[in-house]
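Note that these values count all heavy atoms, side chains included, but never hydrogens, waters or copies made by symmetry.
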Amino acid sequence: MRERARDKGRLLDIIEYSDNVTMLIEGYDLQKLVADILPI
């Protein structure tokens with residue numbers, strides 16, 4: 001059986017990482033994100 005405490009911890013980690021990504025890409029538009037991912 002799964003441990004709910006571990007599930008909660010994983011969900012909290014996902015929220016934290018999502019917040020970090022949101023801060024890192026703030027101010028980017030699609031063109032700049034694509035340019036960073038696929039440099040020419």
Side-chain angles (χ1 to χ4, degrees):
M1 193 160 115
R2 293 170 54 172
E3 297 176 37
R4 290 188 182 260
R6 288 182 61 191
D7 289 346
K8 182 179 179 181
R10 289 179 180 134
L11 290 173
L12 292 173
D13 285 345
I14 291 169
I15 292 169
E16 179 183 352
Y17 300 144
S18 298
D19 288 343
N20 291 343
V21 169
T22 301
M23 287 188 314
L24 288 171
I25 64 170
E26 188 174 329
Y28 273 57
D29 59 12
L30 181 59
Q31 186 176 6
K32 185 167 181 175
L33 284 172
V34 170
D36 282 351
I37 294 169
L38 304 170
I40 296 175

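- Contact annotation: the side chain of Glu16 approaches that of Asn20 to within less than 4.5 Å [non-hydrogen atoms, C-beta and beyond].
- Both Val34 and Ile37 are assigned to one and the same hydrophobic cluster, defined by single-linkage of ILVMFWY side chains at heavy-atom distances under 4.5 Å.
- Cluster annotation: Leu30 and Leu38 are assigned to the same hydrophobic cluster (Ile/Leu/Val/Met/Phe/Trp/Tyr, side-chain heavy-atom contacts under 4.5 Å, transitive).
- To the nearest 0.5 Å, atom CG of residue Asp7 and atom CG of residue Leu12 are 11.0 Å apart.
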